[in-house]
Amino acid sequence: DGGITQSPKYLFRKEGQNVTLSCEQNLNHDAMYWYRQDPGQGLRLIYYSQIVNDFQKGDIAEGYSVSREKKESFPLTVTSAQKNPTAFYLCASNRGPKVVYNSPLHFGNGTRLTVT
Amino acid sequence: GDSVTQMEGPVTLSEEAFLTINCTYTATGYPSLFWYVQYPGEGLQLLLKATKADDKGSNKGFEATYRKETTSFHLEKGSVQVSDSAVYFCALEKAASGGSYIPTFGRGTSLIVHP
């Protein structure tokens with residue numbers, strides 16, 4: 001079955017360490033997204049990529065970095081510069097950026113990151 | 001900029017009660033509108049969508065109608081079940097640079113259904 005795989009489900013890190021969250025999709029989707037979810041704040045867009053080797057900052061990109069070297073993969077690195085990294089991180093994908101697709105998002109099951 | 005506003009939760013109902021979760025939007029142009037549902041510990045799943053004014057999206061007994069005149073997309077269900085307990089997100093495709101559109105979400109509304 002096609003889908004999005006995020007790993008690991010739970011991740012623990014010490015303050016000051018960088019950590020990379022994995023996101024892989026086998027849906028042949030062009031566009032991929034990273035969202036951060038905090039209680040009471042909904043989903044906030046961190047980064048998105050509409051095509052391989054290209055990505056754009058979302059609303060809260062500071063302290064994060066991404067790469068898109070393969071269509072299937074869009075890893076997110078949470079750097080030590082991120083002030084409040086503890087959160088639930090969701091990866092998503094869809095067919096592409098054009099409105100003509102009206103393409104809904106497919107989500108992974110998320111990674112819960114705890115930094116102490 | 002484009003945005004979505006949802007009613008705050010939690011919404012607490014008894015089984016078989018009628019559900020309404022309000023959603024209004026601000027957008028340039030005519031965005032597609034979506035409702036997603038998130039069960040505990042999981043990612044979001046598409047519940048329903050509407051792509052133009054007066055369209056009605058429906059799925060699993062849930063419905064929402066795209067109302068351009070009131071810029072609303074309220075979610076309704078005639079008789080909720082305990083299994084409907086989840087967080088519901090209203091979303092639209094927001095205009096971004098280069099003529100593309102990216103999804104943007106409301107804050108989510110938690111629904112709790114008691115037996």
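Every chain is numbered from 1 and lettered A, B, ... according to where its sequence line falls, protein lines coming before strand lines.
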Distance-only criterion, 3.5 Å: show the donor-acceptor pairs between side-chain atoms of residues 57-64 of chain B and protein atoms not counting sequence neighbours.
residue : atom : partner : partner atom : Å
B:Asn59 : ND2  : B:Leu47 : O            : 2.9

Query raised in the report: Would you find more than 12 non-hydrogen atoms of other residues, nucleotides or ligands less than 6.0 Å from A:Lys9 atom NZ?
Result: yes

Query - Per-residue contact mode, A:Leu45 against chain B (heavy atom under 4.5 angstrom) - result: side chain

**Report entry** In one Ile/Leu/Val/Met/Phe/Trp/Tyr side-chain cluster, 4.5 Å: A:Ile51, A:Tyr33
**Finding:** no

Query raised in the report: If contact means a heavy atom pair closer than 4.5 Å, which residues of residues 13-22 of chain A contact chain B?
Result: none

Query - Side chains of B:Tyr36 and A:Pro104 in contact at under 4.5 Å (non-hydrogen atoms) - result: yes

Query - Single-linkage hydrophobic cluster B:Val37~B:Val80, side-chain heavy atoms < 4.5 angstrom - result: yes

Query raised in the report: Considering residues, nucleotides and ligands other than B:Ile112, do more than 12 of their heavy atoms fall under 6.0 Å from its CD1?
Result: yes

Requested in this report: Could you list which of residues 105-116 of chain A have a heavy atom closer than 4.5 Å to any heavy atom of chain B, in residue-number order?
Outcome: A:Leu105, A:Phe107, A:Gly108, A:Asn109

**Report entry** Pick from B:Leu44, B:Leu46, B:Val87 with the largest number of heavy-atom pairs that fall under 4.5 Å of chain A
**Finding:** B:Leu44

Query raised in the report: Just wondering, are more than 12 heavy atoms of other shown residues or ligands nearer than 6.0 Å to OH in A:Tyr10?
Result: no

Query raised in the report: Applying a criterion of heavy atom separation less than 4.5 Å, what residues of residues 68-79 of chain A form contacts with chain B?
Result: none

**Report entry** Whether over 12 other heavy atoms sit under 6.0 Å from A:Gln41 CD
**Finding:** yes

Requested in this report: Locate the shortest heavy-atom distance separating B:Gln38 from A:Phe88; write the atom from each residue and the value.
Outcome: NE2-CE2, 3.7 Å

Query raised in the report: Can you get from A:Tyr48 to A:Tyr35 by hopping between Ile, Leu, Val, Met, Phe, Trp and Tyr side chains that sit under 4.5 Å apart?
Result: yes

**Report entry** Same apolar cluster: B:Val11 and B:Phe73, side chain cutoff 4.5 Å
**Finding:** yes

**Report entry** Contact check, side chains of A:Gln37 and B:Phe105, non-hydrogen atoms, under 4.5 Å
**Finding:** no

Query raised in the report: Do A:Tyr64 and B:Ile102 belong together in a cluster built from hydrophobic side chains that touch within less than 4.5 Å?
Result: no

